[in-house]
Participant: 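Handing you a structure now.
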Amino acid sequence: MTSPHPLGARVMALIDDLSRHTDGPGLTRLYLSPAHKATAGAVLGLMRAAGLDARLDALGTVVGRWDSTTPSAKTLFIGSHLDSVVDAGRYDGPLGVIAGLVAIETLRREGAALPFAVELLAFGDEENVRFPTNLSTSQGVAGRYQTAWLDGKDAQGVTLREALVAFGGDPEGIAGLARKPEDTLGYLEIHIEQGPLLEAENLPVGIVSGIAGITRGRCRVTGEAGHAGTVPMAMRRDALAAAAEMIGAVERIGATRTDTVATVGVCEARPGASNVIPAEAIFTLDARSPDDVVRNAMVEGILAECGAIAAKRGVGFTFEPFMDSPATPMDAGFQSVLAEAAQSLQIPPRYLASGAGHDAIAMSAIGPAAMLFVRCKDGVSHNPAESITEADADAAVRVLVEAVKLLGRRHAG
Ligand code: HGY
Ligand code: MN
Ligand code: MN
């Protein structure tokens, strides 16, 4: 029996198939991992089967190009990411890649002749979970790759450079990835909302007005190891107990405003034995706001509080930032294209902000960028329970198809 939502059905089936590729636990697909390699290979095959000129670029991004018959045509980029967080949901990232693929398949099947080329991009390092990076693969396309990222190490001490070469990438080829603004028409990305608003308003899709700014870094607390049984409490310099007080401060300060969030997602104690007072505690800080002044003030407040706690407890405290991603408005013109496309399908355009970071931040450096959010169940994401419906996937693909046709009409001749 054919689905009433054939495009959505294809999107869901292809995403289900991709979710076989994981390094565990659950669905875990970190940048340059074996699961990333397998997923990139599968997407490469899908792009080629769709008739795109497809390849893996020097940073592991899967690139599929549909050239235009118009000489010196600009390029419209469509994309999202294949990498995931740990024990992730299956739609965060792959939805944008596969919905983009199905939209391109549909346009080509309909014989669309566009006055611009289209490139489908499947990025590999949007989550920045394995290495201390910031959207490194899309920054490579935007010509803003930071070579220091190559020396960053993962939890096993493997550098990004080593992992990239083992993956089949090419550190020497990174500079050549940069696309020029003058050759770029813009960038469109479909992504799950990762929030509850579209579901609350019973809308299948929404248009992203802007993306929050993000500070991310590593906090290190240094105390003194000691015997858990013999050192009196008042004589300890317990790094983990100090970190616990600091983590409480992160939560308290992050909660003081409705336009800020602050999270500690990772915390480890060293040497990590039950009868040893921790000598060192390392935890991550992720602090966000749609307003960079507010975000920076919050980070300053958090670090000052951590410093005061460290002084009170006689422990050391350092903060090593590795991400300072500015709040990024989406392009008004491209937002209006998505809005007009949605309206042509009788979907009222709903604008909403993104608290999550996306590759669109990087791509906005070379041209107008806009995103279409898709309703997700209970707003849950970064969680295996992440889920969307076939009907909403279908609506998203159809909005994207209409948006590309609209851009085609606007840029014809
Ligand atoms: O963390 C984020 O905002 C995104 O999921 N990378
Ligand atoms: Mn994402
Ligand atoms: Mn994510």
Side-chain angles (χ1 to χ4, degrees), residues 61 63-68 70 72-81 96-97 99-100 103-104 107 112 114-123 126 134-135 137-145 177-191 193 205-214 290 292 325-344 347 349-354 356-374 396-413:
T61 296
V63 182
R65 185 171 175 84
W66 171 14
D67 246 325
S68 163
T70 307
S72 68
K74 293 194 172 195
T75 299
L76 171 67
F77 296 100
I78 295 171
S80 195
H81 60 96
V97 173
I104 290 168
L107 285 158
L114 300 169
F116 43 78
V118 178
E119 267 193 30
L120 180 60
L121 299 172
F123 295 116
E126 189 273 352
N134 176 16
L135 304 174
T137 55
S138 43
Q139 294 286 17
V141 169
R144 297 190 168 192
Y145 193 87
L177 300 181
R179 303 311 200 275
K180 296 192 184 78
E182 57 270 29
D183 298 341
T184 301
L185 188 78
Y187 174 75
L188 290 172
E189 178 170 357
I190 289 177
H191 200 287
E193 179 198 346
V205 296
I207 296 148
V208 177
S209 52
I211 302 174
I214 307 176
D292 284 342
S325 183
T328 307
M330 293 289 95
D331 178 77
F334 263 45
Q335 286 186 58
S336 71
V337 167
L338 288 174
E340 200 175 320
Q343 275 169 319
S344 74
I347 300 171
R350 174 61 159 91
Y351 296 91
L352 68 166
S354 174
H358 299 286
D359 289 302
I361 296 169
M363 294 301 284
S364 66
I366 57 170
M371 294 185 71
L372 187 75
F373 269 176
V374 178
V397 173
R398 293 182 191 283
V399 169
L400 181 57
V401 167
E402 288 313 309
V404 175
K405 287 179 180 173
L406 200 52
L407 286 168
R409 290 193 292 274
R410 286 190 184 180
H411 292 273

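The chain is numbered in sequence order, starting from 1. Not measured: the values here are computed from a predicted model.
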Participant: Could you label the plane-to-plane angle of the H191 and F373 rings as parallel, tilted or perpendicular, counting under 30° as parallel and over 60° as perpendicular?
Facilitator: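 Ring orientation, 0 to 90° scale: tilted.
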Participant: Please answer whether the main-chain N or O of G367 pairs with a side-chain N or O of Y187 as donor and acceptor at a distance below 3.5 Å.
Facilitator: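 Checking the backbone N and O of G367 against the side chain of Y187, no donor-acceptor pair under 3.5 Å is found.
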Participant: Testing the basics here: between I190 and V397, what is the closest heavy-atom pair and its distance to 0.1 Å?
Facilitator: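 Shortest heavy-atom separation between I190 and V397 comes out as CD1-N, 4.5 Å.
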Participant: Checking side chain to side chain contact (heavy atoms under 4.5 Å, CB included) for the pair I207/L372: CA distance, chi angles, key distance, verdict?
Facilitator: CA-CA 5 Å; I207 296 148; L372 187 75; 4.2 Å; yes
Participant: Do S354 and I211 have side chains that get closer than 4.5 Å, going by heavy atoms?
Facilitator: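 The answer is yes; the side chains approach within 4.5 Å.
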Participant: Do any pairs count as a side chain to side chain donor-acceptor pair (under 3.5 Å) and have a residue in residues 402-413, sequence neighbours left out, and if so which ones?
Facilitator: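 Listed once each, the pairs are E110-K405, E340-R410.
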Participant: Please report the closest heavy-atom contact between F116 and V404, naming both atoms and the distance.
Facilitator: CZ-O, 3.7 Å
Participant: With a 3.5 Å distance limit and no angle check, can you tell me whether Q335 reaches the backbone of M330 through a side-chain donor-acceptor pair?
Facilitator: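 Answer holds: yes.
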Participant: Please report the C-alpha distance between W66 and L120 in whole Å, then the side-chain angles of each, then the deciding distance to 0.1 Å, and finally whether the side chain to side chain contact (heavy atoms under 4.5 Å, CB included) criterion is met.
Facilitator: CA-CA 8 Å; W66 171 14; L120 180 60; over 6 Å; no
Participant: For L406 and A341, which heavy atoms make the closest approach, and how far apart are they?
Facilitator: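 Smallest interatomic distance, heavy atoms only, reads CD2-N, 4.2 Å.
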Participant: Evaluate E126 against L135 for side chain to side chain contact (heavy atoms under 4.5 Å, CB included), listing each step before the verdict.
Facilitator: CA-CA 5 Å; E126 189 273 352; L135 304 174; 3.8 Å; yes
Participant: Quick one: CD on E182 to CD1 on I366, what's the gap to the nearest 0.5 Å?
Facilitator: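 E182 CD to I366 CD1: 10.0 Å, rounded to 0.5 Å.
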Participant: First locate atom CG of L188, then atom CG of D331, and finally report the distance between them rounded to the nearest 0.5 Å.
Facilitator: 9.5 Å
Participant: Looking only at non-hydrogen atoms, find the nearest pair between P115 and S68 and report the distance.
Facilitator: C-OG, 3.8 Å
Participant: Counting only heavy atoms from other residues, nucleotides and ligands, does the tally under 6.0 Å from CZ of R144 exceed 12?
Facilitator: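 Count not over threshold, so no.
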Participant: With rounding to the nearest 0.5 angstrom, report the OG to CD distance, S336 to Q343.
Facilitator: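 The distance works out to 10.0 Å.
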Participant: Could you walk me through whether L76 and L114 pass side chain to side chain contact (heavy atoms under 4.5 Å, CB included), step by step?
Facilitator: CA-CA 10 Å; L76 171 67; L114 300 169; over 6 Å; no
Participant: Kindly compute the distance separating NE2 (H358) from OG (S80), expressed to the nearest 0.5 Å.
Facilitator: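 Result: 8.0 Å between the selected atoms.
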Participant: Where the side chain of T61 meets the backbone of V63, is there a donor-acceptor pair that is under 3.5 Å apart?
Facilitator: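 Side chain of T61 to backbone of V63, a donor-acceptor pair under 3.5 Å: no, none is there.
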Participant: Is the side chain of T75 donor-acceptor paired with the backbone N or O of A117 at a distance under 3.5 Å, no angle test?
Facilitator: no
Participant: Which heavy-atom pair separates A142 from A362 by the least distance, and what is that distance?
Facilitator: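 Nearest heavy atoms, A142 then A362: CB-O, 3.4 Å.
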Participant: Can you confirm whether L407 sits close enough to F334 that some side-chain heavy atom of one is under 4.5 Å from a side-chain heavy atom of the other?
Facilitator: yes
Participant: In Å, rounded to the nearest 0.5 Å, how long is the span from CD1 of I361 to CG of N134?
Facilitator: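 So the CD1 of I361 and the CG of N134 are separated by 7.0 Å.
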Participant: Under 3.5 Å, is there a donor-acceptor pair between the side chain of D292 and the main chain of A327?
Facilitator: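 Yes.
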Participant: To the nearest 0.5 Å, tell me how far D359 CG sits from T137 OG1.
Facilitator: 5.5 Å
